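Below: one structure, written as structure tokens.
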Amino acid sequence: MKNVIEIKHPLIQSHLAVLRDKNTPCDQFRAVIRRVSRLLTYEATVDLATRPIEVDTPICRTTGCALKQRIGLVPILRAGLGMVDSVLNLVPQAEVWHLGFYRDEETFKPVEYYKKFPEGDPVDVALVLDPMLATGGSALAALKAVYDWSVPIVKLISVIAAPEGIERVLSHYPNTRIYVGAIDEGLNENAYIVPGLGDAGDRIFNATA
Ligand code: PRP
Ligand code: URA
């Protein structure tokens, strides 16, 4: 599917098995989310623009490069927070703009409770971070905020996606590039991804109700 990049890297796949395991403890789950996020980000940033810069090494002057574009990370609270540190580690100059949504348990629709975006002056590239793309409702709400801010290049990074969510996102925002570690079978009656990994936010924050 155009604009969907499923990264079938053996490291990602082996980390995913740990995330899927219901017996994986919270501290390990959180650490592995970070590892997978780093690997996904490596792939999602492969086409960032650079500009040449002069660098003095201890030996001589040479030409290096610096990132040309302003980059914004847009984590969707809560679970997206679990991805931020590892992405910032790779792109330390990135800005971070938070969005808070929770899914209504009956309608599965996202409810916004936090939005921190500036007026105007959009970043050049936004990386929207959320480990789970299920019905796509939360991602769509986040993407609306990012496109309303007039960000020209938008990428969604998720650990696991359901086909339903991918199709929904691309039907509204076909230019969004979606980077995922796995595309699973689908959704169950509670709109959880199957086989999935359960509730990502609860498992990252050790807050299972
Ligand atoms: C989860 C997940 C996504 C959303 C995906 O968050 O982190 O944001 O569900 O589902 P969707 O594609 O059907 O919208 P949740 O609403 O459980 O909030 P949390 O991150 O605070 O746990
Ligand atoms: N949110 C999650 O955390 N997991 C799912 O499977 C679906 C939505």
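Ligands are counted one by one from 1 in listed order, and the atoms in each one are counted from 1 as well. Bear in mind that the values here come from a model prediction, so they are computed numbers and not experimental data.
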In Asp47, Thr176, Thr45, Asn3, the residue satisfying side-chain hydrogen bond (donor to acceptor under 3.5 Å, both in side chains) with Lys155 is Asp47
Please test Asp121 against Arg70 for salt bridge (charged side-chain N to carboxylate O under 4.0 Å, His left out), starting from the C-alpha separation and ending with a verdict. CA-CA 10 Å; Asp121 196 21; Arg70 250 176 78 213; 3.1 Å; yes
Does ligand 1 have any N/O atom under 3.5 Å from a protein N/O, and what are those pairs and their distances?
| unit_1 | atom_1 | unit_2 | atom_2 | d |
| --- | --- | --- | --- | --- |
| ligand 1 | 7 (O) | Asp130 | OD1 | 2.9 |
| ligand 1 | 8 (O) | Asp130 | OD2 | 2.4 |
| ligand 1 | 12 (O) | Ala134 | N | 2.9 |
| ligand 1 | 12 (O) | Thr135 | N | 3.1 |
| ligand 1 | 12 (O) | Gly136 | N | 2.8 |
| ligand 1 | 13 (O) | Arg103 | NH1 | 2.8 |
| ligand 1 | 13 (O) | Thr135 | N | 2.9 |
| ligand 1 | 13 (O) | Thr135 | OG1 | 2.5 |
| ligand 1 | 14 (O) | Ser138 | N | 2.9 |
| ligand 1 | 14 (O) | Ser138 | OG | 2.6 |
| ligand 1 | 16 (O) | Arg103 | N | 2.8 |
| ligand 1 | 20 (O) | Arg78 | N | 3.1 |
| ligand 1 | 20 (O) | Ala79 | N | 3.1 |
| ligand 1 | 21 (O) | Arg78 | N | 3.3 |
| ligand 1 | 21 (O) | Arg78 | NE | 2.7 |
| ligand 1 | 22 (O) | Arg78 | NE | 3.4 |
| ligand 1 | 22 (O) | Arg78 | NH2 | 2.8 |

For Trp97 and Phe117, take the angle between the two ring planes, folded into 0 to 90°, and tell me which bin it lands in: parallel under 30, tilted 30 to 60, perpendicular over 60. tilted
Please give the N or O to N or O pairs under 3.5 Å between ligand 2 and the protein, distances rounded to 0.1 Å.
| unit_1 | atom_1 | unit_2 | atom_2 | d |
| --- | --- | --- | --- | --- |
| ligand 2 | 3 (O) | Ala200 | N | 2.9 |
| ligand 2 | 4 (N) | Gly198 | O | 2.8 |
| ligand 2 | 6 (O) | Ile193 | N | 2.8 |

Taking C-beta and beyond as the side chain, do Leu197 and Met132 meet within less than 4.5 Å on heavy atoms? yes
Just so I know, are the side chains of Met83 and Pro131 near enough to count as touching, which here means a heavy-atom distance under 4.5 Å? yes
Crowding at CD, Glu105 (>12 non-hydrogen neighbours, <6.0 Å): no
Check against side chain to side chain contact (heavy atoms under 4.5 Å, CB included), Arg78 and Tyr102: CA-CA 8 Å; Arg78 289 173 302 166; Tyr102 70 86; over 6 Å; no
Side chain to side chain contact (heavy atoms under 4.5 Å, CB included) assessment of Val159 paired with Leu16: CA-CA 8 Å; Val159 174; Leu16 272 176; 3.6 Å; yes
Can you give me the closest heavy-atom contact between Val169 and Ile178, atom names plus distance? CG1-CD1, 3.8 Å
